[in-house]
Number of protein chains: 2
Amino acid sequence: MTIRQDIHNSEIPALCRSCEARHRGVCGALTTDQLVELSRHTTKRKVDPGTVLVSDADTIDSYANVLAGVVKLTKTLPDGRQQIVGLQFAPDFIGRPFKHESSITAEAATPVRVCAFPKKSLDRMIELSPELGHRLHVQALNELDEARDWMLTLGRKTAAERVASFLHLIARHSDPEKELGGEVSFDLPLTRADIADFLGLTIETVSRQLTKLRKDGLIAVENNRHITVFDVARLERRANV
Amino acid sequence: MTIRQDIHNSEIPALCRSCEARHRGVCGALTTDQLVELSRHTTKRKVDPGTVLVSDADTIDSYANVLAGVVKLTKTLPDGRQQIVGLQFAPDFIGRPFKHESSITAEAATPVRVCAFPKKSLDRMIELSPELGHRLHVQALNELDEARDWMLTLGRKTAAERVASFLHLIARHSDPEKELGGEVSFDLPLTRADIADFLGLTIETVSRQLTKLRKDGLIAVENNRHITVFDVARLERRANV
DNA sequence: CGGCTTTGTTGATCCAGGTCAAGGTGTTGC
DNA sequence: GCAACACCTTGACCTGGATCAACAAAGCCG
């Protein structure tokens, strides 16, 4: 078990309402009865950056929904080389249905709030609720599309294009409601090391490319974290999206 | 419409039996009634290498099952750089449920036999048969696992490791029944150009790495296509699997 | 405050893999 | 038989990004 199951009963109602509010959350697909049943075993947790939520080392017996923050999915070679293979934003689902071990590690990249439930309960609900199964199916297909997009980035783009693609991806998620365009500001949810692991580059190269974007007047950087993109269209051109 | 719907009634029974024989095929999940209904609109096709089955340019209104051969899924940048983001072997399913356009192109890499059906009919069946939806969900999750495995390869492995990983992947698919080990032989389903597009390398680098594996006594190559791996364990060590 | 650690930047150098160029091999059609 | 073509290999050279090294800046804690 990787996600601790400490029950905080007082938090349960709020939790599931907040899941439901987001279209990709799990809870919205259930009837009230099912929600009550599920919430009996549900816990909301706040975790610090670096906390491992799911490890590829052990068997999984819980799922989770991201309520806030960013979770990175990583793979590591025996010699330590690491690759981030996905980023999960609220209200994404974390877990691998229909299997008992995970081939990837899920780790909090920022302070994160998650809503965790035991695998067994949710597996039962998937069988009972086709609507829930359908939602998870749709999320899996979306993640597959994203993974394949990123394969193009990793296999064929230059360092400059990768960094621009990354900023564009974060900008898209920073305010999912708003149509992307003109000037945008956001905080990077990842350190330079994480960005490098996501882009298949080194931290030095990431740093140099960000400096280049800054000197070329495409972005402004404050405190190494807060980014302003002056013209999204120009960034897209650099990213070759 | 990208897959032509020429009906060859005489072939339909054979077709669905052959789908059913393979565990990941679509047809096995349906009742006889549903099979009959579906087969009314089903066509079996033989296509030559290079034939585009699904193009990212147009809207999709058909799905397909691979019966034999290998189909490559590709993405291309405006300037022509290309990346293969997946390989589909029999009896894989091709298509993107719950969406009307595809972000990738599917193209026959070898001579291929496919079993195609109109999107509408299958979409209806997905609604009727939870078992069918479940199968497609499982395949989507498997493809997601494979895509993420490959992201590690593209982002962090050296050319030598990539080529070894590729041979290992093909070896695994060449005889899925058999446990992989000792000496294995198979035909490469891809040209050097395709291999390069799959690995994010150039054809020259792929060629040099194959030569190196040959000179190091790990593999033998006949006619540029037929490969013998003398010791799978040694290949795995090179691939860093 | 000042020392310590973690994180990020910048410069100098190196090398894995890309690019360019030439030639080999096999297949198809006349 | 021999063009014409598609595909693959090999060599010589170049370059984008890695590596190595030094330093700056920002948290953290006594």
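Sequence lines set the chain letters: A, B, ... in the order given, protein chains first and strands last, and positions in each chain run from 1.
- Interatomic distance, A:F198 CZ to A:L87 CG, rounded to the nearest 0.5 Å: 4.5 Å.
- Over its full length, the helix from C:dC1-D:dG30 to C:dC30-D:dG1 turns its helical axis through 30°, comparing axes from the five pairs at each end and rounding to 10°.
- Taking each heavy atom of A:T158 and B:R81 in turn, the nearest pair found is N-NH1, 4.0 Å.
- Nucleotide D:dT9 holds its P atom 16 Å from the NZ atom of B:K212, rounded to whole Å.
- Here the P atom of nucleotide D:dG27 and the CZ atom of A:R225 are 10 Å apart, to the nearest Å.
- Side chain of A:R113 to main chain of A:K46: no donor-acceptor pair is present (N/O by atom type, distance under 3.5 Å, no hydrogens or angles).
- For A:Q82 and D:dA18, the CD to P distance is 16 Å, given to the nearest whole Å.
- The span of DNA chain C lying next to chain A, judged by atoms under 4.0 Å from heavy atoms, is bounded 5' to 3' by C:dG8 to C:dA12.
- When every heavy atom of B:P49 is checked against every heavy atom of B:T110, the shortest pair comes out as CG-C, 3.6 Å.
- Using a distance-only test at 3.5 Å, with no hydrogens or angles considered, a donor-acceptor pair links the side chain of A:R162 to the main chain of A:L154.
- Scanning all heavy atoms of the two residues, the minimum distance from B:I60 to B:K119 falls at O-CD, 3.4 Å.
- Of all non-hydrogen atoms in B:A239 and B:K157, the two that sit nearest each other are O-NZ, 3.0 Å.
- Closest approach of A:A196 and B:R156 over heavy atoms only: O-NH2, 3.0 Å.
- Taking the side chain to side chain donor-acceptor pair (under 3.5 Å) definition, one finds that B:N223 meets it with nothing, sequence neighbours left out.
- Here the closest heavy-atom approach between residue A:A220 and residue A:F230 is recorded as CB-CZ, 3.6 Å.
- The one candidate from A:N224, A:T205, A:L167, A:V221 that meets the side-chain contact (heavy atoms from CB on, under 4.5 Å) condition with A:L210 is A:L167.
- Contacts of residues 147-161 of chain B with DNA chain C (heavy atom under 4.0 Å): B:T158, B:A159.
- The pair B:D197-B:K72 fails the salt-bridge criterion, with no side-chain N (NZ, NE, NH1 or NH2) lying under 4.0 Å from an Asp/Glu carboxylate O.
- Annotation: the span from A:K99 atom NZ to B:L141 atom CG amounts to 9.0 Å, rounded to 0.5 Å.
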Residue pair A:T105, A:S55: steps toward the side chain to side chain donor-acceptor pair (under 3.5 Å) verdict = CA-CA 4 Å; A:T105 295; A:S55 162; 4.7 Å; no
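- Scanning residues 200-208 of chain A for heavy-atom distances under 4.0 Å to DNA chain D yields A:G200, A:L201, A:T202, A:E204, A:T205, A:R208.
- Salt bridge annotation for B:R148-A:E143: present, with a cationic side-chain nitrogen under 4.0 angstrom from a carboxylate oxygen.
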Give me, pair by pair, the N or O atoms of the protein and of nucleotides 22-26 of chain D that are less than 3.5 Å apart, along with how far apart they are.
none

